[in-house]
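All remarks here apply to the structure that follows.
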Amino acid sequence: MQIRIGLENGFEGRSIAWALDHPGCFAYGQDGAEALLSVPRAVLAYAGWVAAHTPQNWLAGLGDFDVRLVETFEVYSVDAQFDLVAEGNLVNAFFHQDWKPLTRTELERAAQMLAWSHAELLEFASALSPQVLNAPLEGERWTRLGIVAHVATAKWWLLDRLDLAGAPRSSLPKDVFERFAFTQARLLEVLPGLAGVAQVTGKDGELWSPRKLLRRVLWHERDHYFHLLKLSL
């Protein structure tokens, strides 16, 4: 099997290698070379994650695989007039693959993975005491509860890139766990309707499509789940 990689350089000061045909599978590195070297380990972990959740494992025949870099994107910033600037709105990767409409099978698998990732993060956070959830963390932007809130709000933000949020941000529940459930429900509600949709939209100088939305929403929740696990070591 061939694992096709889209490489995004300059993402929060490092590189991220995206497995373009496998939403939720990604690897980081201090530069592109390091990110690519991390891909095989990420693919095996991803395949194990899928296998642990469903007997209908679409990666059961993974076997030996080759990693192939097919596209590279350099992150840049624009100002309100969309001119290039050193600091401004970050424009993250839009790969050629992101133009392609999602299939029904891809969306069915995505819904499963989103349910797994949501449940894992919720189970972990719900087991923590309010004191631990709200305790300041040295060197961190948010508390643990703040991370959960960020993940919840980010789903609204990502849906809004394609005008799919369904409600203004101000209407989101104030309670973090209610918001976490609310934005997840909205995401799962709109996913089936994206099958075959050939939509590409520009927002704040960045291109978005249903495939990019799916790629980034799965990455974002899994990434912060790993972040929470790391904070507990």
Side-chain angles (χ1 to χ4, degrees), residues 1-6 8 16-27 39 42-63 65-68 70-71 73 92-122 151-152 154-167 180-203 206-225:
M1 179 182 290
Q2 187 176 89
I3 305 297
R4 302 183 320 115
I5 298 298
E8 184 169 356
I16 180 168
W18 302 90
L20 295 175
D21 300 305
H22 303 285
C25 183
F26 57 90
V39 168
V43 170
L44 292 173
Y46 178 77
W49 181 62
V50 173
H53 286 88
T54 177
Q56 285 78 44
N57 179 7
W58 54 89
L59 290 171
L62 180 64
F65 57 87
D66 296 318
V67 175
R68 180 188 175 196
V70 297
E71 191 172 353
F73 185 98
N92 292 311
F94 189 90
F95 299 112
H96 179 76
Q97 175 89 352
D98 291 327
W99 285 93
K100 297 183 178 182
L102 291 160
T103 67
R104 192 168 303 280
T105 296
E106 286 177 315
L107 287 164
E108 288 171 353
R109 291 172 177 174
Q112 291 182 68
M113 291 188 286
L114 285 164
W116 304 337
S117 63
H118 178 84
E120 287 170 347
L121 197 155
L122 179 61
V151 172
K155 286 183 180 178
W156 177 92
W157 186 87
L158 288 164
L159 286 166
D160 184 61
R161 301 305 89 187
L162 293 176
D163 297 321
L164 294 172
F180 191 60
F182 181 88
T183 55
Q184 172 75 356
R186 176 60 183 172
L187 178 61
L188 294 179
E189 178 186 358
V190 303
L191 272 188
L194 297 179
V197 173
Q199 176 186 2
V200 176
T201 300
K203 199 140 190 174
E206 183 172 350
L207 290 177
W208 290 89
S209 69
R211 188 173 293 275
K212 179 174 176 177
L213 164 66
L214 177 59
R215 173 166 62 81
R216 293 190 68 90
V217 75
L218 267 167
W219 153 75
H220 191 255
E221 187 160 63
R222 295 198 77 217
D223 187 52
H224 279 296
Y225 172 64

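Remember, it's a predicted structure, so these values are computed and weren't measured experimentally.
Residues satisfying the salt bridge (charged side-chain N to carboxylate O under 4.0 Å, His left out) criterion with Glu108, sequence neighbours excluded, are absent altogether. Taking the salt bridge (charged side-chain N to carboxylate O under 4.0 Å, His left out) definition, one finds that Arg211 meets it with Glu106, sequence neighbours left out.
Lys100 NZ to Asp21 CG: the interatomic distance, rounded to the nearest 0.5 Å, is 7.5 Å. From Leu191, atom CG reaches atom CG of Leu102 across 8.5 Å, with rounding to the nearest 0.5 Å. Note that the CZ atom of Arg109 and the CG atom of Leu218 stand 13.5 Å from one another [nearest 0.5 Å]. The structure places OG1 of Thr201 at 8.5 Å from CG of Leu164, a figure rounded to the nearest 0.5 Å. A distance of 5.0 Å separates CG of Leu187 from CG of Leu114, quoted to the nearest 0.5 Å. The distance from atom CD of Gln199 to atom CH2 of Trp99, rounded to the nearest 0.5 Å, is 11.0 Å.
Nearest heavy atom pair, residue Pro101 against residue Val197, reads CB-O, 3.6 Å. Scanning all heavy atoms of the two residues, the minimum distance from Val200 to Ser209 falls at CG2-CB, 4.2 Å. The two atoms that bring Val39 and Ala17 nearest to each other are CG2-CB, 3.6 Å, heavy atoms only.
Between His96 and Val70, the closest side-chain pair of non-hydrogen atoms is not below 4.5 Å. Looking only at side-chain heavy atoms (C-beta outward), Asp98 and Leu207 stay at 4.5 Å or farther from each other.
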Item to complete: Go through the steps for Phe73 and Ile16 under the test side chain to side chain contact (heavy atoms under 4.5 Å, CB included), then give the verdict.
Response: CA-CA 10 Å; Phe73 185 98; Ile16 180 168; over 6 Å; no

Discussion item. For Leu213 and Leu194: C-alpha separation, side-chain torsions, deciding distance, then whether side chain to side chain contact (heavy atoms under 4.5 Å, CB included) applies.
Written reply: CA-CA 11 Å; Leu213 164 66; Leu194 297 179; 4.3 Å; yes

Worksheet item: Which is it for Val151 and Leu121 under the side chain to side chain contact (heavy atoms under 4.5 Å, CB included) test, yes or no, and what are the steps along the way?
Response: CA-CA 10 Å; Val151 172; Leu121 197 155; 4.2 Å; yes

Item to complete: With side chain to side chain contact (heavy atoms under 4.5 Å, CB included) as the test, would you mind laying out the steps for Val43 and His22 before giving the verdict?
Response: CA-CA 9 Å; Val43 170; His22 303 285; over 6 Å; no

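A side-chain N or O of Trp49 and one of Glu120 form a donor-acceptor pair less than 3.5 Å apart.
Proximity of a side-chain donor or acceptor of Lys212 to a complementary backbone N or O of Phe95 within less than 3.5 Å is not detected. Although no hydrogens or angles enter the test, the distance criterion places no donor-acceptor pair under 3.5 Å between the side chain of Tyr225 and the main chain of His118. A donor-acceptor contact shorter than 3.5 Å is absent between the side chain of Asn57 and the backbone of Thr54.
Taking the six-membered ring where the residue is Trp, Phe26 and Trp18 present tilted rings, their angle falling between 30° and 60°. In this pair, His53 and Trp116 present their aromatic rings parallel. The plane angle is below 30°, not in the 30 to 60° band.
Each of Arg4, Arg215, Glu71 was scored for a side chain to side chain donor-acceptor pair (under 3.5 Å) with Gln97, with one residue passing: Arg4.
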Identify all side-chain donor-acceptor contacts of residues 154-162 below 3.5 Å with residues at least two apart in sequence or on another chain.
from	atom 1	to	atom 2	distance (Å)
Lys155	NZ	Gln184	OE1	2.4
Lys155	NZ	Glu221	OE1	3.4
Lys155	NZ	Glu221	OE2	2.9
Trp156	NE1	Ala167	O	2.7
Arg161	NE	Trp157	O	3.1
Arg161	NH1	Asp204	OD2	3.2

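Checked against the 6.0 Å centroid criterion, the rings of Phe94 and Trp208 do not qualify as a close aromatic pair.
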